[in-house]
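For ligands, and for the atoms within them, numbers begin at 1 and follow the listed sequence. The model shown is predicted, which means the values in this text are computed figures rather than measured ones.
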Amino acid sequence: MDFADMKNKMLEEQIRGKGIKDEFVLAAMSKVPRHRFVEESLQEQAYNDYPLPIFGGQTISQPYMVALMTECLQLKGGEKVLEVGTGSGYQAAILAEIADKVYSIERDPHLARAACELLNELNYVNVIIKVGDGTLGWREFAPFDGIIVTAGSPVVPQPLQEQLRDGGRLVVPVGSSSFQNLMCIERKGSKLKSQEVCGCTFVPLIGNHGWKQE
Ligand code: SAM
């Protein structure tokens, strides 16, 4: 089986098959070459139904989780989105297929550089990456139509709530260091309406409004 066949199988069995219906998300997942976002020895596993290790003890999330979190944002095209936790850059590429501009923050400079180089090579010119503490958001470009946090947090970081546009959605795993609930939060004027989507397990969000570094 080649990578294109593996991607199609992933789409049918793990994405469509597990209930993802959003056509924007399905189209994005069918385009992005996930095997390019993992090291060569793991490429054969890139379309399997689980997360994979990347540099520095971090992970590229399970394909279904990437699709589910993207679906929660309800993007239709033309949006400005903030991602916290660039990691491999795969989720940023999925967002970049739908949104107008993607701002992504990664605390590990090595991961940020590698993701930046790969996304440039794959011609994702609408992704801007910076090294920093994503729990503080990115005030310069706020407010955002969508904010996605791809690491587990003890609380919903306050700056991210503040940087969400009216009608915008924030998706964030919230809980303990070993288990979180995926929360989808929608801003309606000054009110935030929040909904639990499912249980999940992410690597920790380390920063000012997340877990403190040991
Ligand atoms: N979205 C990534 C992808 O598609 O490969 C997966 C991200 S991985 C599960 C979580 C990432 O969050 C790690 O790369 C980690 O270094 C990063 N991270 C943790 N705390 C952070 C923070 N405060 N600001 C920015 N990045 C953070």
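- Checking G85, G132, G87 against atom 1 (N) of ligand 1, the nearest heavy atom belongs to G85.
- For atom 13 (C) of ligand 1, the nearest non-hydrogen atom of the protein is Q58 OE1, 3.2 Å.
- Residues V197 and L95 are members of one and the same hydrophobic cluster, defined by side-chain heavy-atom contacts under 4.5 angstrom among Ile, Leu, Val, Met, Phe, Trp and Tyr.
- Near G134, meaning under 4.0 Å from any of its heavy atoms, are these atoms of ligand 1: 22 (C), 23 (N), 24 (N), 25 (C).
- Below 3.5 Å of separation, one finds an N or O of R107 facing an N or O of ligand 1.
- Which parts of ligand 1 touch Y90 is read off a 4.0 Å heavy-atom cut-off, strictly below it: atoms 4 (O).
- The line from CD of E186 to CD of Q195 is 9.0 Å long, rounded to the nearest 0.5 Å.
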Show your working on side-chain hydrogen bond (donor to acceptor under 3.5 Å, both in side chains) between Q91 and T70 and close with a plain yes or no. CA-CA 8 Å; Q91 173 75 73; T70 312; 2.9 Å; yes

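- Heavy-atom proximity to S88, at under 4.0 Å, picks out these atoms of ligand 1: 3 (C), 4 (O), 5 (O).
- The cationic group of R165 does not satisfy the cation-pi geometry with F144, failing either the under 6.0 Å distance to the six-membered ring centre or the 45° limit from the ring axis.
- Listed by number with element, the atoms of ligand 1 under 4.0 angstrom from any heavy atom of P204 are 19 (C), 20 (N).
- The side-chain contact (heavy atoms from CB on, under 4.5 Å) with M69 is formed by just one residue from the set I148, V149, I94; it is I148.
- Interface atoms of ligand 1 facing I105, defined by a heavy-atom separation under 4.0 Å, are 25 (C), 26 (N).
- In the candidate list I60, T86, V38, T86 is nearest to atom 2 (C) of ligand 1, counting heavy atoms.
- Here the protein heavy atom with the shortest distance to atom 6 (C) of ligand 1 is T59 O, 3.3 Å.
- A side-chain donor-acceptor contact under 3.5 Å links E83 and S104.
- When heavy-atom distances to ligand 1 are checked against a 4.0 Å cut-off, T150 comes that close through both its backbone and its side chain.
- Between D108 and Q58, the side chains place no donor N or O within less than 3.5 Å of an acceptor N or O (distance only, hydrogens not considered).
- In summary, the atoms of ligand 1 found under 4.0 Å from a heavy atom of E83, numbered by their order in the structure, are 1 (N).
- Shown here are the side-chain contact (heavy atoms from CB on, under 4.5 Å) partners of N126, two or more places apart in sequence or in another chain: A96, Y124.
- In the vicinity of L111, heavy-atom distances shorter than 4.0 Å reach the ligand 1 atoms 14 (O).
- Remark: the R107 side chain and the Q213 side chain contain an N/O donor-acceptor pair separated by less than 3.5 Å.
- No side-chain donor-acceptor contact under 3.5 Å links E140 and Y103.
- Taking only nitrogen or oxygen atoms, main chain and side chain alike, I206 reaches within less than 3.5 Å of ligand 1.
- Taking all heavy atoms of K130, E106, Q91 into account, the minimum distance to atom 14 (O) of ligand 1 is reached by E106.
- Note: no N/O pair closer than 3.5 Å links S61 and ligand 1 by distance alone.
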